[in-house]
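For reference, the structure discussed in these notes is given below.
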Amino acid sequence: MVQAAVQRCGYSPHTLVAVVMGISERCKGGRTCYNATVAYDKDGTLLGVHRKLVPTYGERYVWGRGDGSGMLAWDSSVGRIGSLICWEHTMNLAREAMAEQRVQIHTAHWPALSSFGGFETVANPQVQAMMLNHALTAQCFVVCASSPTSQESIDYMEKALGPQSIVKPGGGWTAIVHPFTPILAGPATDGKEQLVTAEINLDDIKDTKVWLDTSGHYSRPDIFQLKVDTAPKSTTMFVS
């Protein structure tokens, strides 16, 4: 369904639409779900899937752990795209793995943390700090999308689980950030469903990299090295 919608948009001669979205993925024939990002190009071509490497806190009840096969940048019609999910942005080696692939547009997916009890005053500053930091240290545009907690979601949880005192409606920090850290659009923090847009120029990345190119002149590979295993991991290896 998503693929068909992207194809309809992409066939317009005046539109370039690539879609990166968060999903709950379940492998065919399996019962393990993954917190994942899926990317489609403007013609509906599947670019790739990234599964969250480490489910956070209570997420471990729901989702499995992704492997390194999703730690790859995707070449698309709108630029080179990378993606991380939520607190994966605290995993500095994961961020560096994406930066080393010279990502031009980084997509970041977040829940509405500021709608959670105990996070009301700290979540948005945390997310903003991580998004600006990644834009500068990876020299890329960052498109950060948060999904506000809807009253419909709370109603569903209360019907299934009982009264919900920890999660409130609203929340989220959604914005588009320039590689040199100006915020180009947003941040949207009012908890309402809305579209945040900005026009970007990928040539701005070159200007930023004149100052610091962390996968080039602003690196010290003679001192620091990072090994990333992108091989898919299976529970079984059959040898003949």
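If you read the sequence from its start, that first residue is 1, and numbering goes on from there.
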Pairwise side-chain contact, [X] with [Y], heavy-atom cut-off 4.5 Å (strictly under):
{"X": "Trp173", "Y": "Met131", "value": "yes"}
{"X": "Trp211", "Y": "Tyr218", "value": "no"}
{"X": "Thr208", "Y": "Lys206", "value": "no"}
{"X": "Arg60", "Y": "Val54", "value": "yes"}

Hey, could you give me the [atom1]/[atom2] distance between [X] and [Y], rounded to the nearest 0.5 Å?
{"X": "Glu100", "Y": "Leu93", "atom1": "CD", "atom2": "CG", "result": "11.0 Å"}
{"X": "Cys140", "Y": "Leu202", "atom1": "SG", "atom2": "CG", "result": "11.0 Å"}
{"X": "Ser234", "Y": "Asp67", "atom1": "OG", "atom2": "CG", "result": "9.5 Å"}
{"X": "Tyr57", "Y": "Trp87", "atom1": "OH", "atom2": "CH2", "result": "10.5 Å"}
{"X": "Met21", "Y": "Ser83", "atom1": "CE", "atom2": "OG", "result": "12.0 Å"}
{"X": "Cys86", "Y": "Lys52", "atom1": "SG", "atom2": "NZ", "result": "4.0 Å"}

Checklist entry - Is it true that Leu72 and Val103 fall in one hydrophobic cluster, defined by side-chain heavy atoms closer than 4.5 Å? => result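 No, Leu72 and Val103 fall in different hydrophobic clusters.
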
Next on the checklist: Let me check something: do Leu84 and Met91 share a hydrophobic cluster, defined by ILVMFWY side-chain heavy atoms less than 4.5 Å apart, either directly or through other members?
Outcome noted: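 Per the 4.5 Å side-chain linkage, Leu84 and Met91 are co-clustered.
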
Compare every heavy atom of [Y] with every heavy atom of [X], then report the nearest pair and how far apart it is.
{"X": "His217", "Y": "Leu212", "result": "CE1-CA, 3.8 Å"}
{"X": "Leu113", "Y": "Ala123", "result": "CB-CB, 3.5 Å"}
{"X": "Pro148", "Y": "Ala112", "result": "CA-CB, 3.8 Å"}
{"X": "Val49", "Y": "Ala36", "result": "CG1-CB, 4.1 Å"}
{"X": "Gly172", "Y": "Ser114", "result": "N-OG, 3.0 Å"}
{"X": "Val78", "Y": "Ile105", "result": "O-CD1, 3.5 Å"}

Next on the checklist: Atom CD1 of residue position Ile166 - does it have more than 12 heavy atoms of other residues, nucleotides or ligands inside 6.0 Å?
Outcome noted: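 Not buried by this count: 12 neighbours or fewer within 6.0 Å.
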
Checklist entry - Got a sec, which hydrophobics cluster with Tyr61, joining ILVMFWY side chains under 4.5 Å apart, including via others? => result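 Answer for Tyr61: Val62, Trp63.
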
Item to check | Linked hydrophobic residues, Ile223 as query - side chain contacts closer than 4.5 Å | outcome: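 Phe224, which link up through side-chain heavy atoms under 4.5 Å apart, make up the rest of the cluster.
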
Kindly state each residue pair satisfying salt bridge (Lys or Arg N to Asp or Glu O under 4.0 Å) with at least one member in [range], sequence neighbours excluded.
{"range": "residues 79-90", "result": "Asp75-Arg80"}
{"range": "residues 231-240", "result": "Asp229-Lys233"}
{"range": "residues 157-169", "result": "none"}

Please list every donor-acceptor pair under 3.5 Å in which a side-chain atom of residues 191-199 meets a protein atom from a residue at least two apart or in another chain.
{"unit_1": "Gln194", "atom_1": "NE2", "unit_2": "Asp190", "atom_2": "OD1", "d": "2.8"}
{"unit_1": "Gln194", "atom_1": "NE2", "unit_2": "Lys192", "atom_2": "O", "d": "3.3"}

Item to check | Qualifying residues under ring-ring contact (aromatic ring centres under 6.0 Å, His included), relative to His50, sequence neighbours excluded | outcome: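 For His50, no residue satisfies ring-ring contact (aromatic ring centres under 6.0 Å, His included) once neighbours in sequence are set aside.
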
Checklist entry - In chain order, what residues pass the ring-ring contact (aromatic ring centres under 6.0 Å, His included) check against His134, with sequence neighbours excluded? => result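 Residues passing ring-ring contact (aromatic ring centres under 6.0 Å, His included) with His134: His106.
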
Checklist entry - side-chain hydrogen bond (donor to acceptor under 3.5 Å, both in side chains): which pairs involve residues 27-36, sequence neighbours left out? => result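 Sorted pair list comes back empty.
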
Checklist entry - What residue pairs, at least two apart or across chains, pass side-chain hydrogen bond (donor to acceptor under 3.5 Å, both in side chains) with a residue in residues 136-152? => result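 Only Arg95-Thr137, Ser115-Thr149, Gln139-Lys209, Gln139-Thr214, Ser150-Ser153, Gln151-Asp155 qualify under side-chain hydrogen bond (donor to acceptor under 3.5 Å, both in side chains).
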
Checklist entry - Is the closest side-chain donor-acceptor distance between Asp41 and Ser77 under 3.5 Å? => result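 On atom types as modelled, these side chains qualify, holding a pair under 3.5 Å.
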
Item to check | Exercise: do Asp213 and Ser215 side chains pair donor with acceptor under 3.5 Å | outcome: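 A donor-acceptor contact under 3.5 Å links the two side chains.
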
Next on the checklist: What verdict does the side chain to side chain contact (heavy atoms under 4.5 Å, CB included) test give for Thr90 and Met130, after you've listed the backbone C-alpha separation in whole Å, the side-chain angles of each residue and the deciding distance to 0.1 Å?
Outcome noted: CA-CA 8 Å; Thr90 68; Met130 283 185 270; 3.6 Å; yes

Item to check | Chi angles and distances behind the side chain to side chain contact (heavy atoms under 4.5 Å, CB included) call for Ile85, Thr37 | outcome: CA-CA 8 Å; Ile85 300 169; Thr37 294; 3.5 Å; yes

Next on the checklist: What verdict does the side chain to side chain contact (heavy atoms under 4.5 Å, CB included) test give for Trp110 and Gln126, after you've listed the backbone C-alpha separation in whole Å, the side-chain angles of each residue and the deciding distance to 0.1 Å?
Outcome noted: CA-CA 11 Å; Trp110 289 88; Gln126 288 177 357; over 6 Å; no

Item to check | Test log, rule side chain to side chain contact (heavy atoms under 4.5 Å, CB included), inputs Leu53 and Arg65 | outcome: CA-CA 5 Å; Leu53 300 176; Arg65 299 197 301 175; over 6 Å; no

Using a 3.5 Å cut-off and no angle test, enumerate the donor-acceptor pairs between side-chain atoms of residues 175-185 and protein atoms at least two apart in sequence or in another chain.
{"unit_1": "His178", "atom_1": "ND1", "unit_2": "Phe180", "atom_2": "N", "d": "2.9"}
{"unit_1": "His178", "atom_1": "NE2", "unit_2": "Asp204", "atom_2": "OD2", "d": "3.1"}

Next on the checklist: Suppose we screen for side-chain contact (heavy atoms from CB on, under 4.5 Å). Which residues come up paired with Pro163, at least two apart in sequence or across chains?
Outcome noted: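 Listed in chain order: nothing, the list is empty.
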
